[in-house]
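Here the structure is a predicted model, which is why all the values come from computation and not from measurement. Here is the naming used below: chain letters follow the sequence lines, and residue numbers restart at 1 for every chain.
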Number of protein chains: 2
Amino acid sequence: MQEDQPVPAQPLPTVTAFDWVPDFARGLVRDIKVRWAMEELGLRYGVEILPAFGERSADYLARQPFDQVPAFSDGPLDLFESGAILLYLAQKHPGLLPADEGAAWKARCWLFAAYASVEPFITRLIIYDLFHADKAWAKEAREPAVALVRQKLKRVADALGDAEWLAGIFSVADIAMVTTLENLRGTALVAEQPGLVRYMQRAKDRPAFQRALDAQLADFTGSPPEGWDN
Amino acid sequence: MQEDQPVPAQPLPTVTAFDWVPDFARGLVRDIKVRWAMEELGLRYGVEILPAFGERSADYLARQPFDQVPAFSDGPLDLFESGAILLYLAQKHPGLLPADEGAAWKARCWLFAAYASVEPFITRLIIYDLFHADKAWAKEAREPAVALVRQKLKRVADALGDAEWLAGIFSVADIAMVTTLENLRGTALVAEQPGLVRYMQRAKDRPAFQRALDAQLADFTGSPPEGWDN
């Protein structure tokens with residue numbers, strides 16, 4: 001439930017997002033993780049749109065030390081890192097962590113796993129494909145990188161098995177994992193694991209995901225930098 | 001306070017570790033993060049030593065889906081992912097998260113940042129240096145990878161500024177960040193940020209870090225695989 005106005009009596013939780021990104025990043029920018037969680041939780045929230053290029057406000061680095069999105073605020077609390085924001089939302093509002101303590105910790109383990117044990121290997125591959133595809137060295141570098149991604153995808157698929165979600169109920173772990181795996185959309189690697197294909201489809205069929213995706217895409221009202229050829 | 005015996009009435013929290021790793025990984029294997037936290041908290045703990053090579057027990061994958069260390073247990077709870085284990089320990093025992101709610105969330109944000117915004121770029125570089133140093137493509141791939149690591153190190157150094165620790169008091173965020181940056185020990189990159197050099201030295205001067213390091217090193221009682229030339 002994205003809502004930019006009118007200004008409410010209590011400030012809404014607010015997430016930052018960019019006004020423009022290239023096609024290859026649309027639907028992948030990390031504010032989508034936070035939007036998805038808030039849509040699942042039925043929260044009203046605000047969006048602070050930042051220029052993707054040029055100067056950002058002087059205090060933004062203080063809120064987001066890596067000068068990226070998302071930053072997040074909820075009343076007096078300021079957070080950065082989508083993983084921490086997912087954890088915060090799931091601990092504050094019921095619905096995105098299992099009630100059982102052991103299962104809730106399993107969800108937190110998988111939340112970290114998406115960022116620490118899966119994403120780094122995907123990032124490495126995507127950097128080659130998006131920014132160095134024209135270079136001969138990238139073709140050679142790609143081969144061992146693909147092997148590692150395959151290994152990690154198999155680990156996740158094996159751990160998921162026939163389960164619907166990583167920790168019993170749909171949780172922030174699934175939001176983190178599915179949005180991480182989505183970075184491979186330009187490759188055929190996820191398709192090699194039919195269990196993961198079904199898992200991602202289940203997740204993306206959720207109305208809250210679709211609302212979050214639509215909201216991110218609708219907020220790209222800015223223009224590319226001069227000379228950009230998409 | 002590593003303690004393998006006698007068997008106590010209550011089972012001790014237990015972390016898994018390898019019986020042998022190559023020199024380049026000694027002091028870096030991720031059980032050191034968990035050991036360091038438990039040493040800071042003054043907890044007695046057990047260590048379950050796993051063979052680094054050959055077959056691991058059939059149920060280990062169920063506890064650690066990526067077949068790595070550490071896995072962790074505390075009574076009925078089983079956890080994997082060092083970041084989740086650090087979070088668990090810091091939330092269960094006082095000492096490694098600030099008491100103030102805002103500062104505690106800042107620590108959680110930096111805990112995620114170590115894994116999600118810093119480590120992936122370091123991992124990429126280290127993979128080149130450790131496993132592909134003999135390949136011509138790796139020399140070319142290294143250049144843009146170094147540039148990204150430099151950028152991330154500057155972000156962390158700028159955010160830390162003159163502060164002693166990332167979130168006020170020494171916290172799990174510092175354990176995660178310092179052990180992440182330590183992966184650059186074979187490079188001169190951290191040395192380019194004097195603030196980070198001092199930060200890492202402050203952290204590593206803590207007696208709990210030294211105990212954790214000594215304990216990890218002492219547990220490498222196994223042998224390399226046949227034919228290994230260190």
Undergrad: As an exercise, state the distance from CZ of B:F66 to CD of A:Q151, rounded to the nearest 0.5 Å.
TA: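 Spacing of CZ (B:F66) from CD (A:Q151) equals 9.5 Å.
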Undergrad: Could you tell me the separation between the CG atom of A:D158 and the CG atom of B:D67, rounded to the nearest 0.5 Å?
TA: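 So the gap between those two atoms works out to 11.0 Å.
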Undergrad: Rounded to the nearest 0.5 Å, how far apart are CD of B:E119 and CD of A:E119?
TA: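 Between atom CD of B:E119 and atom CD of A:E119 there are 11.0 Å.
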Undergrad: Need one label for B:P144: side chain, backbone, both or neither, based on atoms under 4.5 Å from any heavy atom in chain A.
TA: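 When you check distances to chain A, only side chain atoms of B:P144 fall under 4.5 Å.
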Undergrad: What distance do B:Q68 atom CD and A:R155 atom CZ have between them, rounded to the nearest 0.5 Å?
TA: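 Going from the CD atom of B:Q68 to the CZ atom of A:R155 covers 8.0 Å.
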Undergrad: Decide yes or no for A:D78 and B:W105: does some side-chain heavy atom of the first lie under 4.5 Å from some side-chain heavy atom of the second?
TA: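 Answer no - side chains too far apart.
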Undergrad: Over all heavy atoms of both residues, which pair between B:F80 and A:A113 is shortest? Give the atoms and the distance, please.
TA: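 Heavy-atom minimum between the residues: CE1-CB, 4.0 Å.
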Undergrad: Let me know if B:A159 has heavy atoms under 4.5 Å from chain A in its side chain, its backbone, both or neither.
TA: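 Side chain only.
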Undergrad: Might you point out which heavy atoms bring B:P65 and A:W110 nearest each other, and give the distance in Å?
TA: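 Answer, listing the atom of B:P65 first, then A:W110: CG-CZ2, 3.6 Å.
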Undergrad: B:I85 versus chain A, heavy atoms under 4.5 Å apart: side chain, backbone, both or neither?
TA: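 Neither part, no heavy atoms under 4.5 Å.
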Undergrad: Say you draw a straight line from OH of A:Y128 to CZ of B:R124; how long is it, rounded to the nearest 0.5 Å?
TA: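 With rounding to 0.5 Å, OH (A:Y128) is 5.5 Å from CZ (B:R124).
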Undergrad: If you round to the nearest 0.5 Å, how far is CZ of B:R108 from CD of A:Q91?
TA: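 With rounding to 0.5 Å, CD (A:Q91) is 6.0 Å from CZ (B:R108).
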Undergrad: So what's closer than 4.5 Å to chain A heavy atoms on B:L77: side chain, backbone, both or neither?
TA: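 For B:L77, side-chain heavy atoms alone lie under 4.5 Å from chain A.
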Undergrad: Please find the pair of heavy atoms, one from B:C109 and one from A:E81, that lie closest to each other, and give the distance.
TA: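 Minimum heavy-atom separation between B:C109 and A:E81: O-CG, 3.3 Å.
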